[in-house]
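Just below is one structure, and these are the notes that go with it.
No hydrogens, no waters, no symmetry mates; every other heavy atom, side chains included, goes into these values.
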Amino acid sequence: VSLRAAGYCQATLRNWFNEPEGWMRSRIARHQAIRDDIFAVLSSADGFTARLPEGGSYLFPTIPEVDLDIVSLSKALRLQAAVSVTPGVEFGPRFTRSFRINFSQDHDAAVAAIWRIVEIVERYRRRPGAIRKAGAA
């Protein structure tokens, strides 16, 4: 709990109270469109599950089993798909097949990033009966 808002917050709030009529409704609608479109991509991808956030700017999907641990997959996403995600294990040890991604910015870039994530996950997907090298995770 804070007893007062910091000066920079007060300056921001002053601007918010003077936004053009309808600006916030428009921004919320654009934000929800990004959320809905990337959620649709994840929902249509084989083996992905996610819960639709109701107010945040993050998705926390669960992915199908892959031949990488979630930290290594997060690195692969950054290097191979130019997408930064937070490995789920940073939120608890049981989230070994999840990551968090922020979607609050550019609509087209967010949708394209989710498609690249799906592509990389598919590349590393664990195949039933596949022969794996000894020691591979």
Side-chain angles (χ1 to χ4, degrees):
V1 175
S2 177
L3 298 177
R4 67 170 190 84
Y8 59 88
C9 294
Q10 292 175 30
T12 300
L13 287 172
R14 181 178 42 225
N15 288 337
W16 283 358
F17 289 125
N18 293 316
E19 293 293 344
E21 182 66 32
W23 180 88
M24 185 58 76
R25 281 188 303 279
S26 173
R27 178 62 189 119
I28 290 170
R30 289 191 318 267
H31 189 264
Q32 288 175 335
I34 298 169
R35 178 202 65 191
D36 293 347
D37 288 349
I38 65 173
F39 184 79
V41 171
L42 289 173
S43 296
S44 69
D46 186 34
F48 283 79
T49 60
R51 188 176 67 81
L52 192 64
E54 296 178 17
S57 298
Y58 298 96
L59 277 175
F60 197 74
T62 299
I63 63 170
E65 288 191 41
V66 294
D67 286 328
L68 298 174
D69 63 77
I70 197 66
V71 172
S72 297
L73 179 66
S74 298
K75 290 177 185 176
L77 290 171
R78 187 180 72 244
L79 296 172
Q80 298 173 31
V83 178
S84 293
V85 301
T86 304
V89 293
E90 291 193 18
F91 301 96
R94 71 179 187 267
F95 299 114
T96 58
R97 289 181 37 218
S98 296
F99 60 83
R100 184 179 79 166
I101 188 165
N102 178 292
F103 62 86
S104 65
Q105 301 301 317
D106 179 87
H107 181 274
D108 293 338
V111 172
I114 293 299
W115 279 113
R116 291 194 309 272
I117 287 171
V118 169
E119 179 183 318
I120 296 298
V121 168
E122 188 61 31
R123 183 179 302 166
Y124 291 105
R125 181 188 285 270
R126 184 168 294 161
R127 305 287 178 208
I131 299 174
R132 297 174 57 217
K133 294 179 184 177

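One distance of note links NZ of Lys75 with CG of Leu68; it measures 11.0 Å at 0.5 Å rounding. The distance from the CG atom of Leu59 to the CG atom of Leu42 is 6.0 Å, given to the nearest 0.5 Å. Taking CD from Gln32 and CZ from Arg35, the interatomic distance works out to 5.0 Å, rounded to the nearest 0.5 Å.
One finds no salt bridge joining Arg116 and Glu119 here, because no Lys/Arg side-chain nitrogen approaches an Asp/Glu carboxylate oxygen to under 4.0 Å.
Applying the ring pair (Phe, Tyr, Trp, His ring centres under 6.0 Å) rule to Phe91 yields the partners Phe60; only residues at least two apart in sequence or on another chain are considered.
Looking at Arg78 and Ser74, their side chains never bring a donor and an acceptor atom within 3.5 Å of each other.
Summarising the geometry of Ile117 relative to Phe48, their closest heavy-atom pair is CG2-CE2, 4.5 Å, with the distance given to 0.1 Å. The shortest heavy-atom contact between Ile34 and Gln105 is CD1-O, 3.0 Å. Residues Ser57 and His31 come closest through the heavy atom pair OG-NE2, 2.9 Å. In terms of heavy atoms, Gly88 sits closest to Ile70 at N-CG1, 4.1 Å.
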Contacts under 3.5 angstrom, residues 94-104 side chains, donor-acceptor by atom type, not counting sequence neighbours:
residue : atom : partner : partner atom : Å
Arg97   : NE   : Ile63   : O            : 2.9
Arg97   : NH2  : Ile63   : O            : 2.7
Ser98   : OG   : Pro61   : O            : 3.4
Ser98   : OG   : Thr62   : OG1          : 3.1
Asn102  : OD1  : Ser104  : N            : 2.8
Asn102  : OD1  : Ser104  : OG           : 2.8

Residues Leu73, Ile120; criterion side chain to side chain contact (heavy atoms under 4.5 Å, CB included); working and verdict:
CA-CA 9 Å; Leu73 179 66; Ile120 296 298; 4.2 Å; yes
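Linking Ile, Leu, Val, Met, Phe, Trp and Tyr residues whenever their side-chain heavy atoms come within less than 4.5 Å leaves Ile38 and Tyr58 in two separate clusters. Under the 4.5 Å side-chain heavy-atom criterion for ILVMFWY residues, a single connected hydrophobic cluster contains both Leu52 and Val41.
Within 6.0 Å of the CH2 atom in Trp115, the count of heavy atoms belonging to other residues, nucleotides or ligands does not exceed 12.
Side chains of Pro64 and Val121 form a contact here, defined as non-hydrogen atoms less than 4.5 Å apart.
Distance alone, capped at 3.5 Å, is enough to place a donor-acceptor pair between the Ser43 side chain and the Phe39 backbone.
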